[in-house]
Number of protein chains: 2
Amino acid sequence: MSALDVLADPTRRRIVELLAGGELNATTIAGHFSSSRPAISQHLGVLVDGGVLTVRRVGTQRLYRIDPASLAEASDWLSAQAHRWERVLDALESALDEGTG
Amino acid sequence: MSALDVLADPTRRRIVELLAGGELNATTIAGHFSSSRPAISQHLGVLVDGGVLTVRRVGTQRLYRIDPASLAEASDWLSAQAHRWERVLDALESALDEGTG
DNA sequence: CCCATCCGTAAGCAATCACTTACACTCACT
DNA sequence: AGTGAGTGTAAGTGATTGCTTACGGATGGG
């Protein structure tokens, strides 16, 4: 699932959280980070490729916005993973019961 | 959170799932993978360092076992992340409401 | 038309990571 | 003590990744 590979990077997670407040242009976003503007631009590209963000051009600016669907999908995936490990723990418990019983 | 960095690798996830059935020694674990035994040994080291697995020595063997506490912690972390993105989505929705209202 | 602003892309670099082969160590058994 | 099974460690390699600097393209105002 690519939205999650994309959200693996802490800087990218912060970008997404920043956009929780609404649309922002590239320069404004970059202003919140100590990295260079091109570095942030590259992160934005990864986020767009991963479907987490969408862009629209307004004049000379590029406005970035969260794609709620993909973020919801990421959230669901995380929940599913959490449940997966819970199941592993359940299985482990059963195995231990068999061992001791 | 290191248990999660550790579980980022697919091979390591498979190892943990393999150990859901109970304790196994290093050679048996390695037998389930196409990678070399040393490669798996290194993964096991990472898993132990990350607190996901524990080892005990029995004769010449090393028996690996899941540490339920750390795995539960990982599961909780995943849930928390899922909720975090849900909150981001909620915030986004509020921002859009303000924008259009 | 010229210039400043906004922004992506190209190229190069350093760090990280998973893998492989080769080697070394420990323990059990004889 | 010698041998073999079980296993970790060292060293080298190729791929990936995030960062930086330098550059180029597009848009809008004078």
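All figures in this text were calculated on a predicted structure; none of them were measured in a lab. Naming: A, B, ... by sequence-line order, numbering from 1 per chain.
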Inset, instruction - Could you tell me whether the phosphate oxygens of C/dC17, OP1 or OP2, come under 4.0 Å of any side-chain nitrogen or oxygen in B/His43? - result: no

Inset, instruction - Would you state whether a donor and an acceptor, one from the side chain of B/Gln42 and one from the base of C/dT20, lie under 3.5 Å apart? - result: yes

Legend entry - Check: A/Arg12 side chain, A/Leu7 main-chain N or O, donor-acceptor pair, under 3.5 Å: no

Inset, instruction - For A/Leu47 and C/dG8, give me the distance from atom CG to atom P, rounded to whole Å. - result: 12 Å

Legend entry - Value in whole Å for how far the P atom of D/dT7 lies from CZ of B/Arg56: 13 Å

Inset, instruction - Tell me, please, which residues at least two apart from A/Thr11 pass side-chain contact (heavy atoms from CB on, under 4.5 Å). - result: A/Asp9, A/Ile15, A/Phe33, A/Ile40, A/His43

Legend entry - Shortest non-hydrogen contact between A/Ala20 and B/Val88, atoms and distance: CB-CG1, 3.7 Å

Inset, instruction - Check the pair A/Leu19, A/Ile29 against side-chain contact (heavy atoms from CB on, under 4.5 Å), reporting the backbone distance first and the verdict last. - result: CA-CA 9 Å; A/Leu19 291 174; A/Ile29 295 170; 4.1 Å; yes

Legend entry - Rounded distance (Å) that lies between atom C1' of D/dT17 and atom CG of A/Asp9: 9 Å

Protein and nucleotides 22-30 of chain C: nitrogen or oxygen contacts under 3.5 angstrom:
unit_1 : atom_1 : unit_2  : atom_2 : d
C/dT26 : O3'    : B/Arg57 : NH2    : 3.2

Legend entry - Sidechain-backbone polar pair: B/Arg37 side chain, B/Ala30 backbone, donor-acceptor under 3.5 Å: no

Inset, instruction - Quick one: pull up NE2 in B/His83 and OG in A/Ser75 and give me the separation to the nearest 0.5 Å. - result: 8.0 Å

Legend entry - Nearest-angstrom distance from the residue atom CG of B/Leu44 to C1' of C/dC19: 15 Å

Inset, instruction - For B/Arg65 and B/Leu24, indicate whether the former's side chain and the latter's backbone hold a donor-acceptor pair under 3.5 Å. - result: no

Inset, instruction - Take the protein atom CD1 of A/Ile40 and the nucleotide atom C1' of C/dT9, then report the distance between them rounded to whole Å. - result: 16 Å

Legend entry - Those residues of residues 18-35 of chain B lying under 4.0 Å from DNA chain D by at least one heavy atom: B/Asn25, B/Ala26, B/Thr27

Legend entry - Short side-chain N/O contact to C/dT20 OP1/OP2 from B/Ser36, under 4.0 Å: yes

Inset, instruction - Would you check if A/Gln81 and B/Trp77 make a side-chain contact, meaning some heavy-atom pair closer than 4.5 Å? - result: no

Legend entry - Distance, rounded to the nearest Å, where A/Asp49 contributes CG and D/dG18 contributes P: 13 Å

Legend entry - Donor-acceptor contact below 3.5 Å, side chain B/Arg57 vs main chain B/Leu63: no

Inset, instruction - Grab the OH-P distance between B/Tyr64 and D/dG6 for me, whole Å please. - result: 14 Å

